[in-house]
Visitor: 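First the structure, then my questions, so here it is.
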Amino acid sequence: MGKKVVLDTSALFSMEQLPADSDAFVTPGVVKELERYKDRRASLWGELLHVSDASKASLAKVRKAAAETGDSTRISPTDAEVIALALDLEAELLTDDYSVQNVASFLKMPFRPVGIKAIKEVRKWRWRCKGCGKVFDKELPECSICGSELKSTLSRKN
Ligand SMILES: [Zn+2]
């Protein structure tokens, strides 16, 4: 048994080889995504990947964290499951997805990118009105003041 790592679809797409001396875990959702993209890795690595579901408790924790960082609409149900599984297993999370990294970072979980640079700190998404410039903490269908379209921006947490 090596150390445990959890991989999301973005990490798997960036890899040519599974990490050596690690036990690689994915969720059923990741396997489905690989199959949907007809990725050869699905059949190549099928027997090497451990497939496991995340606990409901960890999923709830992840959704709460994503709401805090503003990543709720940016992470898919599969993303949330992957982060939750890494929490359950106390495993390192391998991901190239910016929002997944952001939530993992917020939860102080160990994570590592595969094909890109890691984020250095938790960022918070905000939404700025294209019309009047008012900044919102939440994503809204339109500006509550002038009705213009909102554009997401990243800012430091504090
Ligand atoms: Zn406005």
Side-chain angles (χ1 to χ4, degrees), residues 4-15 19 24-39 41-42 49 51-158:
K4 289 175 186 169
V5 294
V6 173
L7 302 109
D8 76 352
T9 310
S10 72
L12 286 167
F13 278 150
S14 294
M15 287 179 171
F25 288 79
V26 295
T27 63
V30 171
V31 174
K32 267 194 209 117
E33 283 181 2
L34 287 179
E35 284 168 354
R36 183 167 358 118
Y37 294 121
K38 304 213 187 316
D39 194 273
R41 295 169 181 90
L49 293 169
V51 182
S52 183
D53 274 310
S55 71
K56 288 213 163 67
S58 291
L59 258 177
K61 219 169 169 181
V62 169
R63 290 196 200 291
K64 205 168 160 230
E68 287 286 327
T69 61
D71 288 294
S72 289
T73 58
R74 294 171 189 278
I75 62 170
S76 68
T78 300
D79 292 335
E81 285 166 10
V82 167
I83 303 167
L85 180 61
L87 264 180
D88 286 337
L89 299 173
E90 293 178 15
E92 185 179 37
L93 179 59
L94 269 56
T95 176
D96 279 351
D97 185 291
Y98 187 88
S99 286
V100 172
Q101 287 188 21
N102 205 35
V103 174
S105 177
F106 182 85
L107 288 167
K108 301 190 174 16
M109 297 165 56
F111 67 92
R112 185 156 54 90
V114 178
I116 57 160
K117 277 189 188 160
I119 61 164
K120 293 234 164 57
E121 59 192 346
V122 177
R123 296 291 179 90
K124 197 157 169 110
W125 289 99
R126 292 187 204 286
W127 288 264
R128 182 187 295 277
C129 173
K130 285 179 173 176
C132 68
K134 165 94 176 151
V135 177
F136 299 90
D137 281 342
K138 281 190 304 200
E139 187 171 16
L140 303 169
E142 57 183 32
C143 175
S144 57
I145 295 162
C146 71
S148 299
E149 199 185 332
L150 303 183
K151 186 179 183 298
S152 58
T153 58
L154 269 182
S155 61
R156 301 207 169 186
K157 193 148 178 290
N158 297 307

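Scope of the values below: all heavy atoms of this structure, side chains included, with no hydrogens, waters or symmetry mates. Whatever order the structure lists them in is the order used to number ligands and atoms, beginning at 1.
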Visitor: Any side-chain donor-acceptor pair under 3.5 Å between Ser105 and Asn102?
Guide: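 No - no donor-acceptor pair under 3.5 Å links their side chains.
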
Visitor: Say whether Arg112 and Thr95, considering side chains only, have a donor N or O and an acceptor N or O under 3.5 Å apart.
Guide: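 No.
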
Visitor: So, Ser10 versus Asp96: side-chain donor-acceptor pair below 3.5 Å or not?
Guide: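 Checked: Ser10/Asp96 side chains show no N/O donor-acceptor pair below 3.5 Å.
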
Visitor: Does Ser72 reach the main-chain N or O of Ala67 with its side chain, forming a donor-acceptor pair under 3.5 Å?
Guide: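 Checking the backbone N and O of Ala67 against the side chain of Ser72, a donor-acceptor pair under 3.5 Å is found.
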
Visitor: Quick one: name the protein N/O/S atoms under 2.8 Å from the Zn ion (ligand 1), chain by chain.
Guide: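 Those protein N, O or S atoms (cut-off: under 2.8 Å from the Zn ion (ligand 1)) are Cys129 SG, Cys132 SG, Cys143 SG, Cys146 SG.
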
Visitor: Could you tell me whether a side-chain N or O of Asp8 sits under 3.5 Å from a main-chain N or O of Ala11, the two making a donor and an acceptor?
Guide: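 Confirmed, Asp8 side chain pairs with Ala11 backbone.
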
Visitor: Distance alone, cut at 3.5 Å: any donor-acceptor contact between the side chains of Ser58 and Asp88?
Guide: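 Yes.
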
